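For reference, the structure is listed below as structure tokens.
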Amino acid sequence: MIEQVKGTRNLYGLDAQKYLYIYDIFLSSFNSYGYDLIELPTIEHKELFNKSIGENSEIVTKQMYEFKDKGNRDLVLRPEATASVVRFHNEFFKNESKKYSYFGKMFRYENPQKNRYREFIQAGAEIVGTIDKYSDLQILKTSIRFLSLLKVNSKLNINTIGTKEEREGYIRELDKYFFKNKNELSKESVEKIGKNTLRILDSNDPFDNQITDLAPVIYDFLSNETLDQYETFKKELMNEGIDFAENPKLVRGLDYYNDLTFEFIANGTVVGGGGRYDGLSEILGLGKISGVGVAFGVDRLINTVNSTPHKIKVMLIAQNLSDLNFVSTKLDKAGISYLLPVRDSKENTQYKEAIKNNVDYVINCSENTIKNINNNESMKFNISNLRKLI
RNA sequence: GUGAUCGUAGCUCAGUUUGGUUAGAGCGCCUGGUUGUGGUCCAGGAGGUCGCGGGUUCAAAUCCCGUCGGUCACCCCA
């Protein structure tokens with residue numbers, strides 16, 4: 001037997017219905033509000049992510065699907081899409097400010113578990129160009145609308161990680177502090193000192209947390225300007241009636257963020273996150289262009305949302321194919337959807353198939369009747385009778 | 001990258017501890033009949049490289065090793 005590739009997913013049945021439901025609501029939340037949908041390539045130059053996500057991040061060092069193509073190019077299956085959006089924007093709209101949305105497969109080579117797959121779907125939105133705090137607010141407001149249309153109960157966590165320079169000063173102090181306390185830290189956290197220091201802060205280890213709780217707080221290393229902007233932003237959120245929690249230890253995994261970072265948490269898992277990335281374009285050598293964005297884990301949303309699958313209410317049955325075709329053509333013209341038996345089986349088998357498929361009405365094309373399967377009432381078949389029923 | 005656990009029919013599983021006839025059950029599926037208050041009932045039938053590959057043995061679904069895949073957790077992250 002040929003098994004499926006590790007960490008991949010077959011979305012079928014209710015999961016497939018949820019996928020469509022989420023995709024629909026995503027389009028109407030973002031694309032319909034000026035975040036133009038962009039279908040980006042799945043393969044990119046490795047360099048794009050080495051530079052943007054950060055050479056030291058685990059995504060780059062361990063988790064990318066890398067290969068050389070026949071032209072000897074170093075390519076990867078994209079592990080995320082923000083860098084691609086910025087690449088696109090710089091190539092075609094360098095001097096403009098634009099909003100984008102995307103919905104597609106991403107790839108990270110890591111061991112699968114609940115809500116974590118090697119091939120996974122992200123839905124995201126970005127505002128790129130000359131932007132300000134209002135852009136940040138827009139992204140959050142639109143995200144919240146999206147999640148509430150999906151009826152996902154989520155909690156918004158926010159933080160600011162300041163400018164690159166401010167953060168570097170903070171990291172230096174943090175390194176000193178963690179080095180001093182390294183005997184109390186888990187070995188995973190000790191390995192991150194000096195390399196990925198910020199991520200020690202969101203360790204789940206309870207002993208680590210005793211140390212991180214007393215660690216220097218980022219706010220003490222930020223300039224008044226940064227802090228003022230952050231306070232103003234928080235006031236705006238409150239004015240908008242947006243419920244949020246502040247989490248000074250929320251740092252995010254990607255190197256390119258600055259100032260605002262945020263996450264949406266539902267049922268204990270992060271279903272979406274994002275932040276401001278004013279440095280990303282420069283890191284890529286593309287000039288100074290700002291951006292803010294959000295990405296949602298569609299697989300995680302699929303595992304969270306409740307949606308009722310599209311129900312097909314009518315099934316046609318008949319003792320011969322010409323009866324079946326005659327009626328199905330009529331329904332096609334009327335724009336009414338229906339099920340057909342999978343093959344030309346005997347009538348009772350078809351009737352059982354209708355019951356199994358959970359339809360409400362069976363049209364017996366040979367008898368010209370509509371039967372309500374729930375109460376067994378029959379009536380003459382014609383389009384206007386059918387329309388009254390469905 | 002690390003650890004735990006699982007893999008037998010389309011599905012859910014029994015059988016593995018203690019190796020031993022042609023590997024079973026329920027549901028589903030197919031055929032015929034019955035049933036028009038059509039979902040019932042009756043009879044028959046198809047369907048299994050026991051995840052895969054090695055090894056031990058007279059003999060392996062069962063023991064050993066490896067590998068692939070599922071689930072969950074760590075790491076990491078959406």
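Just so it is clear, the structure is predicted and the values come from calculations on it, not from any experiment. Labels below follow one simple rule: chain letters A, B, ... track the order of the sequence lines, proteins then strands, and each chain is numbered from 1.
Across every strand in view, B:G66 sits in a pair with B:C52 that passes the Watson-Crick or G-U test at under 3.5 angstrom. Base pairing of B:G1: its partner is B:C74, meeting the Watson-Crick or G-U wobble criterion (both donor-acceptor distances under 3.5 Å). Across all strands shown, B:U37 has no partner, as no Watson-Crick or G-U wobble contact with both distances under 3.5 Å is found.
Side-chain atoms of A:E110 and base atoms of B:G1 include no donor and acceptor less than 3.5 Å apart.
On the P atoms, B:G26 is 16 Å away from B:A46, given to the nearest whole Å. Here, B:A73 and B:G28 have their C1' atoms 35 Å apart, quoted to the whole Å. Going from the C1' atom of B:G15 to that of B:A9 covers 14 Å, rounded to whole Å. Spacing of P atoms, B:G45 relative to B:C50, comes out at 24 Å, to the nearest Å. If you take atom C1' in B:C68 and the same atom in B:C11, they sit 22 Å apart, rounded to whole Å. Nucleotides B:U2 and B:C75 are separated by 8 Å at their C1' atoms, to the nearest Å. Spacing of P atoms, B:G48 relative to B:A43, comes out at 25 Å, to the nearest Å. Comparing the P positions of B:U8 and B:C63 gives a spacing of 15 Å, expressed to the nearest Å.
Mapping A:V298 and A:I373 onto RNA chain B by nearest heavy atom places A:I373 closer to the 5' end of the strand. Along RNA chain B, the nucleotide nearest A:F264 and the nucleotide nearest A:Y351 are compared for position; the residue whose nucleotide lies closer to the 5' end is A:Y351.
Aromatic ring pairs are classed by plane angle as parallel below 30°, tilted from 30° to 60° and perpendicular above 60°; the pair A:F103 and A:F26 is tilted. The aromatic rings of A:Y109 and A:Y65 sit perpendicular to each other, their planes meeting at more than 60°, with 30° as the lower class boundary.
For the contact set between residues 12-25 of chain A and RNA chain B, defined by any heavy atom under 4.0 Å, there are no members.
Listed nucleotides: B:G69, B:A78, B:U35. Nearest to the side chain of A:N348: B:U35. Counting only heavy atoms from C-beta on, A:K114 has its side chain closest to B:C72 among B:C72, B:A78, B:G38. Here the side chain of A:N111 is nearest to one of B:G39, B:G32, B:A73, namely B:A73. Side-chain proximity of A:R116 to the nucleotides B:U35, B:C75, B:A73 is greatest for B:C75. Of the candidates B:A73, B:C30, B:G38, the closest approach to any side-chain atom of A:E347 belongs to B:G38. Distance from the side chain of A:E58 is smallest for B:C75 among the nucleotides B:A78, B:C75, B:U40. Distances were taken from every side-chain heavy atom of A:E367 (C-beta onward) to each of B:G32, B:G38, B:A78; the shortest belongs to B:G38.
A:F296 comes within 4.0 angstrom of nothing in the nucleic acid, heavy atoms only. A:G274 comes within contact range of no nucleotide atom at all, as no heavy-atom separation falls under 4.0 Å. When heavy atoms are screened at a 4.0 angstrom cut-off, A:V362 is found touching no nucleic acid atom at all. At a threshold of 4.0 angstrom between heavy atoms, the contacts of A:R343 are confined to the sugar-phosphate backbone, with no base atom among them. Among the protein residues, A:Y109 comes within range of no part of the nucleic acid, since none of its heavy atoms lies under 4.0 Å from any strand. Among the heavy atoms of the strands, none lies under 4.0 Å from A:E263. A:Q4 comes within 4.0 angstrom of the backbone, heavy atoms only, and of no base.
In this entry the distance linking CD of A:Q350 with P of B:G38 reads 17 Å, nearest Å. In this structure, NZ of A:K6 is placed 11 Å from P of B:U67, rounded to the nearest angstrom. To the nearest angstrom, P of B:C30 lies 8 Å from CD of A:E353. As a whole-Å value, the separation of A:I302 CD1 from B:A78 C1' is 12 Å. Rounded to whole Å, the distance from CD on A:E3 to C1' on B:U49 is 13 Å. In this entry the distance linking CG of A:D360 with P of B:G39 reads 18 Å, nearest Å. Atom CD of A:Q319 is separated from atom P of B:G36 by 15 Å (rounded to the nearest Å). The separation between A:N10 atom CG and B:G69 atom P is 14 Å, rounded to whole Å.
Within 6.0 Å of the CD atom in A:E246, the count of heavy atoms belonging to other residues, nucleotides or ligands exceeds 12. No more than 12 heavy atoms of other residues, nucleotides or ligands shown are found within 6.0 angstrom of NZ on A:K164. Atom NZ of A:K94 is surrounded by more than 12 heavy atoms from other residues, nucleotides or ligands within 6.0 Å.
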Between A:L284 and A:K51, does a side chain to side chain contact (heavy atoms under 4.5 Å, CB included) hold up when you go through it step by step?
-> CA-CA 6 Å; A:L284 294 172; A:K51 287 184 168 170; 3.9 Å; yes

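Using a 3.5 Å distance cut-off with no hydrogens or angles, the side chains of A:K99 and A:Q138 do pair a donor with an acceptor. Using modelled atom types, one finds no donor on one side chain facing an acceptor on the other under 3.5 Å when comparing A:T232 with A:K133.
Contact record, A:Y230 with A:N159: OH-CA, 3.5 Å, taken as the closest heavy-atom pair.
For A:R145 and A:Y33, the positive end sits near the middle of the six-membered ring, less than 6.0 Å away and at most 45° from its axis.
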